Amino acid sequence: MVPMPEQSPPLATHDVTNQPPPLAPYDASADAALLEGLRREGAGWAEEDVRLLGLRAGGAEAQEWGELANRHEPELRTHDRYGNRVDEVEFHPSWHHLMRTAVAEGLAGTPWAEDRPGAHVARTAGGLVWGHTEAGHGCPTSMTYAAVPALRAQPDLAKVYEPLLTSREYDPGLRVPTEKRGLLAGMGMTEKQGGSDVRTNTTVATPTDEPGVYTLRGHKWFTSAPMCDVFLVLAQAPGGLSCFLVPRVLPDGTRNTFRIQRLKDKLGNRSNASSEPEFDRTVAWLVGPEGRGVKTIIEMVNCTRLDCVMSSATLMRKTLVEAGHHARYRSAFGARLLDQPLMRNVLADLALESEAATTLTLRLAGAADRAVRGDEGERAFRRIATAVGKYWVTKRGPAFTAEALECLGGNGYVEDSGMPRHYREAPLLSIWEGSGNVNALDVLRALGRSPESAESLFGELALARGANAHLDATVTSLRRELTEADQLSARRVVERMALALQGSLLVRHAPPAVADAFCATRLGGDWGHSFGTLPSGTDLGAILDRALPV
């Protein structure tokens with residue numbers, strides 16, 4: 001009898017080796033810089049809630065929600081089956097799960113209804129961990145948060161809508177706003193001919209016979225989250241550019257004219273619907289005096305710019321965690337990637353950037369919280385520091401995310417890893433609420449119009465005087481540079497301001513290994529032009545142990 005050949009084990013060639021296990025479940029709040037900043041900025045009372053939310057954000061279910069909400073993008077339905085105009089946007093159930101959690105956790109307008117100090121810091125910390133799920137649904141929660149202080153310019157409207165905008169109830173669907181358990185707010189500022197130059201808006205507001213009530217006619221170029229219940233819109237009234245409240249559904253239950261022409265086909269942020277609405281005899285209520293539209297929305301801008309910084313810091317932390325997880329389990333050339341000197345340099349460099357971004361975010365949130373409670377010094381600091389942080393942290397996001405993706409090699413380049421989604425998201429934060437140039441020029445404007453803002457910044461920097469020679473030298477030169485700053489040098493000067501501010505915060509609050517490495521590289525110049533170029537002698541182990549706990 002001819003012997004039968006010995007059979008190989010089934011699918012032997014498909015054994016998977018040298019690949020990391022799934023990251024989820026993990027704790028998105030396991031970040032020393034985050035928890036220390038939460039306590040330092042006056043919201044230590046929220047730590048247990050933040051930790052619980054971090055566990056939920058890093059759980060397999062919430063991570064899947066984020067993936068599904070981006071795979072199944074929102075769809076515009078302009079008409080019903082009978083031909084009636086409805087202008088509704090349909091979302092995958094995962095979007096609603098994300099939104100329901102975010103609103104219930106107080107990440108929308110809730111802090112404005114809470115009296116205890118630190119409420120706005122707690123919200124920011126919650127965003128820093130819940131943002132590990134996905135970024136798109138952070139847009140409507142951010143706009144809802146930002147709409148409340150702007151709406152307070154019209155107390156009679158605020159009395160009606162603020163309790164609903166600060167609710168923890170997520171109540172989707174277009175119905176009469178006052179009949180719902182909770183509301184979401186959007187914004188309609190940008191027009192195709194103007195962009196950031198909102199004073200060139202051409203939407204026209206015509207007064208009606210009813211005091212405070214107008215009708216709008218115009219076309220907005222970029223209005224995100226069109227499924228929100230109410231919108232703050234800029235339009236040209238007889239007295240100049242003014243702010244208006246536009247509900248999707250009028251008090252009598254009829255649909256207000258809000259024709260969605262199309263949804264934007266965006267680079268990233270694809271779970272979130274962004275639209276071009278058209279107004280035609282659209283009913284609107286005046287918010288604040290005629291001609292003071294920009295002044296009315298300035299508080300809104302401060303809030304949404306803070307959220308841009310927060311979202312960039314969140315994206316940095318999320319992609320660093322992904323890169324560190326991969327490096328901990330992946331081996332190459334006889335050793336784990338995490339033990340390879342050059343990979344350790346890259347990850348430690350990313351960790352420095354991430355901690356600086358998180359620490360600055362929470363300092364800005366603390367300033368916002370104290371400014372709301374009447375601290376004029378913090379108000380002045382917030383005015384300039386938020387624009388500085390918005391410029392710099394959001395600029396660092398794309399380069400950071402690209403480097404973190406590269407830590408995974410080819411594995412990071414495929415959609416299944418999630419890293420391409422993060423990479424596509426990163427550029428948005430430097431564009432939303434004013435591009436880099438707009439924010440840099442806003443800093444110059446603050447320096448010219450509000451000298452107290454500059455002094456508040458230098459007062460903050462002075463708290464670290466004498467602790468680091470690189471920082472001291474930077475602050476000294478920065479004072480001179482500010483006296484000569486102009487449009488041509490605006491980006492350079494604002495970058496220096498941001499690095500000095502981050503350096504001073506780390507010198508005061510981070511371990512010496514972190515602060516010394518940051519100041520030596522970002523301020524002292526002992527650095528290359530890409531991540532992974534920390535100098536010899538840097539305590540990589542101390543930095544990595546803090547950033548990537550086992």
Side-chain angles (χ1 to χ4, degrees), residues 23-67 69 94 97-108 110-111 118-142 145 168 170 271 306-325 351 354-366 368-369 393 397 400-401 404 418 421-422 425 429 546-549:
L23 173 60
Y26 72 101
D27 183 359
S29 71
D31 179 0
L34 166 68
L35 296 176
E36 291 168 10
L38 176 72
R39 302 177 200 122
R40 185 171 59 247
E41 297 298 338
W45 50 265
E47 183 170 341
E48 182 179 357
D49 288 342
V50 170
R51 286 179 177 271
L52 289 173
L53 186 59
L55 289 170
R56 190 172 185 186
E61 181 180 52
Q63 291 294 307
E64 184 179 30
W65 289 345
E67 195 276 327
S94 292
H97 294 323
L98 291 164
M99 286 295 304
R100 187 170 292 106
T101 303
V103 173
E105 292 292 334
L107 305 187
T110 301
H120 297 269
V121 178
R123 174 192 175 270
T124 299
L128 284 165
V129 298
W130 186 245
H132 280 234
T133 56
E134 74 94 38
H137 76 291
C139 179
T141 58
S142 178
Y145 172 65
R168 289 178 181 257
Y170 174 59
S271 68
L306 170 60
D307 279 6
C308 287
V309 182
M310 176 191 75
S311 296
S312 286
T314 304
L315 197 57
M316 289 182 189
R317 180 63 190 172
K318 168 65 172 174
T319 54
L320 172 62
V321 169
E322 294 277 4
H325 177 76
S354 176
E355 176 152 354
T358 297
T359 303
L360 178 56
T361 298
L362 290 166
R363 175 65 184 94
L364 296 176
D369 193 86
V393 175
F400 185 106
T401 309
R421 169 159 60 91
H422 304 321
E425 187 72 28
L429 287 316
R546 176 173 170 82
L548 301 172

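Remember, it's a predicted structure, so these values are computed and weren't measured experimentally.
Between Glu425 and Leu315, some side-chain heavy-atom pair lies under the 4.5 Å cut-off. Within the 4.5 Å cutoff, side-chain heavy atoms of Met99 are placed close to those of Pro140. A heavy-atom distance below 4.5 Å is not found between the side chains of Leu34 and Arg317. Using a 4.5 Å heavy-atom cutoff, the side chains of Ser354 and Phe400 are in contact. Using a 4.5 Å heavy-atom cutoff, the side chains of Trp65 and Thr101 are in contact.
For Tyr26, the side chain to side chain donor-acceptor pair (under 3.5 Å) partners at least two apart in sequence or on another chain are His132, Lys318. The side chain to side chain donor-acceptor pair (under 3.5 Å) search around Ser142 returns Asp307, not counting sequence neighbours. For His120, the ring-ring contact (aromatic ring centres under 6.0 Å, His included) criterion is met by Trp112, Tyr145, not counting sequence neighbours.
At a threshold of 4.0 Å, the pair Glu105-Arg100 does not count as salt-bridged, since none of the basic side-chain nitrogens sits closer than that to a carboxylate oxygen. Arg421 has no carboxylate O lying under 4.0 Å from a charged side-chain N of Glu67, or vice versa, which leaves the two without a salt bridge.
Thr359 approaches Ala33 most closely through the heavy-atom pair OG1-CB, 4.2 Å. For Val321 against Leu23, the heavy-atom pair with the smallest separation is CG1-CD2, 3.9 Å. Scanning all heavy atoms of the two residues, the minimum distance from Thr133 to Ala62 falls at CG2-CB, 3.8 Å. Here the shortest heavy-atom pairing between Ala365 and Thr124 reads CB-OG1, 3.4 Å. Here the closest non-hydrogen pair linking Val393 and Ala357 is CG1-CB, 3.9 Å. Contact between Ala404 and Ala323 at its shortest, heavy atoms only, is O-CB, 3.8 Å.
The side-chain contact (heavy atoms from CB on, under 4.5 Å) with Val129 is formed by just one residue from the set Val50, Asp27, Thr314; it is Val50.
Taking CZ of Arg39 as the start and CH2 of Trp45 as the end, the distance is 14.5 Å to the nearest 0.5 Å. With rounding to the nearest 0.5 angstrom, the CE atom of Met316 is 8.5 Å from the OG1 atom of Thr361. Atom CG of residue Leu107 and atom CZ of residue Arg168 lie 8.5 Å apart, to the nearest 0.5 angstrom. Between atom CD of residue Glu61 and atom NE2 of residue His97 there is a gap of 7.0 Å, rounded to the nearest 0.5 Å. Taking OG of Ser29 as the start and CG of Leu53 as the end, the distance is 8.5 Å to the nearest 0.5 Å. We find the CG-OG distance between Leu429 and Ser311 to be 5.0 Å, quoted to the nearest 0.5 Å.
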Original post:
When you look at His137 and Trp130, which way does the side-chain contact (heavy atoms from CB on, under 4.5 Å) test go after all the steps?
Top reply: CA-CA 10 Å; His137 76 291; Trp130 186 245; 2.9 Å; yes
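Judged purely by atom type and a 3.5 angstrom limit, Asp369 uses its side chain to pair as donor or acceptor with the backbone of Ala119. Thr141 places a side-chain N or O within donor-acceptor distance of the main-chain N or O of Gly138, the cut-off being under 3.5 Å. Using modelled atom types, no side-chain atom of Glu134 and backbone atom of Ser271 make a donor-acceptor pair closer than 3.5 Å.
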